[in-house]
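One structure is given here, and the rest of the page talks about it.
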Amino acid sequence: MFAKVRLPGQCVIIYYYNLSNQLNAMFAKVRLPGQCVIIYYYNLSNQLNAMFAKVRLPGQCVIIYYYNLSNQLNAMFAKVRLPGQCVIIYYYNLSNQLNAMFAKVREMLRARDSNGARMLTLITEQFLEDPRLPVWRTQGTPMTDKCRQLWDELGALWVCVVLNPNINQSDKDHWNEALDKWSLMASCPLEDADNRSAYDNQESDDDSSDDENPGPSTRPQRPKPRTIFHRALEGCQLTWNNPHLQMVLREDVCYYEERCDRSTMFDSQGLPLWDEDISTACARVDALRSHGYMKEALRLAVVIVRTMKKRQREDQEKYRKGLEKGFKHSSPKQQSPPPPVSPEGWIGHPLDPIGCLFDTLLEASTAIDDSSSDSSVDSFSTRAFGGSDSSSVTIATRYQHLPISGNRDHTESYLTLAIEVALMGLGQQRLMPGGVYAQEKACKQEEKLIGRLTEIPLDSTLIAVMRKQAVLLLEGGPNSGLGVGIHSESIPMHTFAKYLFTSLLPHDADLAYRVGLRAMRLPVLEDSDDTEDAFSNLAPMVISRYPRWFTLGHLESQQCELASTMLSAAKTDMLRLRTVLESAQRNIHSSSQLFRVAQDAFKIATPAEGPKHGPLLNVALELGLQVMRMTLSTLNWRRREMVRWLVTCAIEVGVDALMSIIRNWYTFFTPLEATGTVATTVMSPATIIQMSLNYHQQEKLASCARTLALQCASKDPPNCALCALNLCEKDPVAFETAYQIVIDAAEHIMTSSQLFTIARYMEHRGYPHRAYELALLSLKNLHLAYNQDTHPAINDIHWACALSHSLGKNELSTVIPLLMKNVKCATVLSDILRRFSMTAPGMATAAADGKRKPLKLLSFEKPPLRQLLDATIHAYISTTHSRLTHISPRHYGDFIDFLSKARETFLLAHDGHLQFAQLIENMKFIYKGKKKLMYLIKERFGL
């Protein structure tokens with residue numbers, strides 16, 4: 001008998017499950033593209049365990065291991081040449097095909113086929129031969145997440161194999177030996193994926209110490225990190241011979257009231273317990289399910305949940321007695337709460353104990369239809385591959401309350417136990433693991449379990465269970481993540497609390513808000529003294545202060561979602577709305593996340609259709625104001641968006657809110673933000689129309705905005721002066737005040753480019769004389785060297801000269817000395833000189849007076865152009881000698897063109913031709929060694 005499995009590329013794999021000894025040498029051939037043959041030996045005898053499948057092809061032997069049959073990567077492979085022309089092909093990009101191989105191993109184990117363990121052995125050996133493992137180890141790079149998931153699955157499968165209830169001692173010894181050999185290999189991955197660097201450092205330290213001290217070492221030897229197979233090795237030491245365990249597996253529910261005094265084995269009602277580590281006990285459940293012992297697995301799961309509930313009650317009682325004796329956790333700054341009792345968290349555990357119990361109990365509660373008889377969930381595959389459903393069927397699963405056989409409590413069913421164990425696991429206080437992979441895995445397991453809980457419709461019985469567990473978690477001790485005092489390294493309960501809140505809100509609002517408000521905390525950020533640094537949301541700062549919390553951004557996002565959910569639910573209750581607001585302001589330390597909460601509240605308060613919700617709008621505004629305070633002195637790339645949003649929110653709230661933020665602008669905004677965004681938006685016509693302000697309100701708001709503009713201009717003139725002038729245009733007194741602020745700051749604070757910008761604005765607004773004054777101040781602050789003929793201020797200089805020329809000869813006479821003093825560039829001076837001679841000065845003044853006056857062009861032989869001409873000629877002479885100092889032959893052409901422009905300027909003077917000839921003679925005498933240049937000069941100018 002065989003089963004055919006269709007894979008991509010039209011290839012067929014034939015699995016032989018029960019081959020007799022006479023058929024051990026037989027094989028199945030499947031033709032693939034390229035004349036490849038796949039051979040899988042699943043039932044190999046002991047003599048053939050170390051052998052491999054061979055297929056004779058012309059001239060060579062090929063062993064093919066198909067790890068991933070991806071359509072895009074079928075042609076990509078790595079070849080490893082072995083003796084005898086043998087080629088091994090490894091496919092690295094793993095996809096769902098390898099998931100199917102693991103599922104097939106689980107299927108074979110469930111059928112109690114011994115070939116499943118042998119097939120897993122072949123897979124393990126090929127995994128260990130992966131050439132990337134030593135590369136990752138030597139380079140110190142982490143394993144990819146997909147490969148890490150596959151190794152986790154492999155380790156969990158081996159736990160199931162060694163915990164087979166029917167395994168004999170010889171087989172167990174064989175697997176123990178094999179696992180021990182694999183775990184000692186250098187390429188074997190560690191259980192803690194992020195601990196390899198520490199392990200490597202330890203090995204290097206040991207090697208160096210051995211070299212330096214060849215004698216016996218007195219330093220205590222640190223334990224080596226656990227490998228991926230260590231849990232399976234520990235499972236080899238477990239047995240099923242315990243009489244109490246056999247009783248649990250044999251009977252459904254049986255009351256032993258005469259033994260109820262033995263608290264470790266029975267509860268107060270005489271029901272049996274199983275006092276073992278939860279993860280180990282759940283591994284037994286998974287092993288039972290994997291080997292087809294479904295009833296036994298269900299019985300053991302019920303007993304484990306019963307034991308967990310008993311421990312939960314005992315922990316609560318111990319905590320209550322501790323409170324009565326004065327042990328309180330209410331002030332974490334004075335005494336730090338103790339860490340959780342459990343050394344490992346159930347959520348994020350490599351074996352996923354809570355998921356195993358939940359799947360076992362939920363499977364028993366599933367209402368099986370005739371159309372879907374094979375609806376069992378493979379918890380193994382869904383656990384390892386992040387919740388990707390193994391089946392593509394989207395039919396909604398129906399659940400029912402199936403009573404536990406023999407149980408006197410008729411309210412308890414497999415479904416209630418499944419809900420209860422999920423809530424206990426999610427609510428357990430657990431410390432944040434050390435590595436990024438472990439942290440991400442814990443988040444994914446939590447989200448996956450909560451996602452499965454949301455698929456279960458809640459009736460009155462399940463709501464009662466949920467209320468009971470919520471109260472127990474709120475009043476729990478160190479093992480509860482929702483308790484009063486938790487360790488600063490504990491994983492927050494935001495995602496879990498959001499599920500509890502939404503589920504309990506329609507039935508018990510008080511309890512729902514107790515859970516939500518208790519879970520809002522984020523202790524890892526609350527223990528910091530420098531809260532301003534904690535408020536900064538820069539990733540490098542977070543990583544430097546909290547290097548182990550790689551998922552801090554995700555946790556803060558979940559905290560934001562919880563706050564938004566509670567704000568939306570409390571919008572009709574003012575007291576609860578205020579309580580949630582204060583909790584969010586106190587516990588959310590990320591400005592970006594708090595801004596997100598404010599945006600969510602604003603969207604809820606301003607629906608597209610319907611009236612606005614005033615109280616929730618005020619909450620959004622208060623959150624936005626806190627965001628402004630948090631980011632005022634720290635960098636945030638969204639700051640500009642935050643400022644614009646706050647102004648929009650204040651406009652929606654009303655004129656009083658706008659007046660408030662304008663009067664207290666210095667606590668929320670920088671001067672540039674206050675004038676450039678806040679005041680400008682408030683004074684815009686669109687805002688006035690949107691708010692439907694009357695004349696009195698408009699004037700009052702405008703007066704506040706002008707006051708803000710003047711304050712900002714006094715505090716930061718370079719950035720705020722122009723905005724202040726714009727805002728104060730309609731008020732002459734305020735406009736004059738802003739202008740005087742600019743004049744006072746011109747000499748020692750503002751740059752020439754800023755002054756030129758304000759001067760152009762003044763001219764545009766019809767104040768040419770004020771623009772002229774500012775242009776003079778700009779020219780005083782400007783210096784142009786002889787070689788800066790492409791300076792960005794040249795256009796501003798031309799504009800200032802044109803402005804002074806248009807105002808009159810007196811203004812022009814004032815500008816020219818400044819040009820002669822601060823501008824040394826000959827080409828700029830010659831351009832200005834020619835522009836002054838093209839038109840008569842005072843054209844703008846004459847047009848303004850409305851009188852026609854006789855205007856004359858300026859002469860180059862009379863002041864003020866005579867002084868400018870002399871300065872220009874002197875600048876050309878100085879520039880000529882400067883350029884000749886370091887000139888090269890390739891620049892001779894440009895220099896000749898420069899002399900041509902200089903000659904045009906020289907000829908404007910009455911003795912200019914003599915001065916130019918003298919310049920050429922001096923050049924011939926001083927630079928007589930540059931014969932080629934002198935020849936070119938003589939050829940061009942004839943001198």
Side-chain angles (χ1 to χ4, degrees), residues 1-5 7 13-21 23-24 26-28 38-53 65-67 96-128 150-179 182 228-229 231-233 235-236 238 240 283-294 296-297 351 356 374 376-385 390:
M1 301 290 293
F2 57 86
K4 294 184 179 180
V5 180
L7 295 181
I13 302 177
I14 301 181
Y15 302 91
Y16 283 83
Y17 293 144
N18 293 305
L19 299 179
S20 64
N21 294 332
L23 296 177
N24 280 335
M26 296 185 64
F27 56 87
I38 306 179
I39 299 184
Y40 296 93
Y41 280 83
Y42 292 147
N43 193 18
L44 303 177
S45 64
N46 294 333
Q47 293 80 6
L48 297 176
N49 278 335
M51 296 185 65
F52 53 85
Y65 301 94
Y66 278 82
Y67 289 164
N96 292 332
Q97 283 76 19
L98 192 52
N99 184 17
M101 290 181 64
F102 284 121
K104 182 57 63 177
V105 172
R106 177 60 68 95
E107 180 183 344
M108 296 170 70
L109 294 178
R110 187 177 296 116
R112 304 176 189 177
D113 184 357
S114 60
N115 296 314
R118 297 191 180 105
M119 180 178 177
L120 189 60
T121 302
L122 295 176
I123 296 175
T124 305
E125 290 174 350
Q126 291 308 311
F127 269 44
L128 290 170
L150 293 169
W151 277 104
D152 286 346
E153 282 214 39
L154 189 64
L157 260 179
W158 275 115
V159 173
C160 294
V161 169
V162 299
L163 282 179
N164 182 1
N166 289 331
I167 191 172
N168 54 51
Q169 190 60 39
S170 61
D171 289 343
K172 180 178 287 190
D173 294 340
H174 170 72
W175 299 132
N176 189 12
E177 182 181 354
L179 290 168
W182 294 333
I228 203 73
F229 301 113
R231 294 191 183 274
L233 286 170
C236 291
L238 300 177
W240 298 88
R284 292 181 183 271
V285 175
D286 196 14
L288 289 170
R289 295 183 68 210
S290 301
H291 291 87
Y293 299 96
M294 309 306 293
E296 290 80 0
L351 301 180
C356 176
D374 188 12
S376 60
V377 179
D378 188 356
S379 63
F380 176 77
S381 60
T382 57
R383 173 183 64 240
F385 284 85
S390 59

Name the one of Leu179, Asp171, Leu157, Leu233 that satisfies side-chain contact (heavy atoms from CB on, under 4.5 Å) with Val162?
-> Leu179
Pairwise side-chain contact, Ile123 with Val105, heavy-atom cut-off 4.5 Å (strictly under) | yes
In Å, rounded to the nearest 0.5 Å, how long is the span from CE of Met108 to CZ of Arg118?
-> 9.5 Å
Closest non-hydrogen atoms of Val285 and Cys356, given as atom of the first, atom of the second and distance, are CG1-SG, 3.9 Å
Minimum side-chain heavy-atom gap Ile167-Val161 below 4.5 Å | no
Any Lys/Arg nitrogen of Arg110 or Glu107 sitting under 4.0 Å from an Asp/Glu carboxylate oxygen of the other?
-> no
On the 0 to 90° scale, with breaks at 30° and 60°, tag the Phe127-Trp151 ring pair as parallel, tilted or perpendicular.
-> perpendicular
Just wondering, do Glu125 and Thr121 contact through their side chains at under 4.5 Å, heavy atoms?
-> yes
The reported gap from SG in Cys236 to NZ in Lys172 (rounded to nearest 0.5 angstrom) is 7.0 Å
When the ring planes of Trp175 and Trp158 are compared, do they come out parallel, tilted or perpendicular, using 30° and 60° as the limits?
-> tilted
Going from NZ on Lys104 to CG on Leu120, what distance comes out if it is rounded to the nearest 0.5 angstrom?
-> 15.0 Å
Ile228 versus Trp182: any side-chain heavy-atom pair under 4.5 Å?
-> no
Between Cys160 and the options Leu288, Leu351, Asp286, the side-chain contact (heavy atoms from CB on, under 4.5 Å) test singles out Asp286
Heavy-atom pair with the smallest gap, counting every atom of Ala283 and Val159 | CB-CG1, 4.0 Å
Return the minimal non-hydrogen interatomic distance between Leu163 and Gly235, and the atom names on each side.
-> CD2-O, 3.6 Å
OG1 of Thr124 to CG of Leu154: how many Å apart, nearest 0.5 Å?
-> 4.0 Å
Please name the pair of heavy atoms, one in Gly292 and one in Arg112, separated by the smallest distance, quoted to 0.1 Å.
-> O-NH2, 3.7 Å
When rounded to the nearest 0.5 Å, the distance separating CZ of Arg106 from CZ of Arg289 is 7.5 Å
Looking only at atom types and distance, does a side-chain atom of Asp113 sit under 3.5 Å from a main-chain N or O of Gly116, one as donor and one as acceptor?
-> no
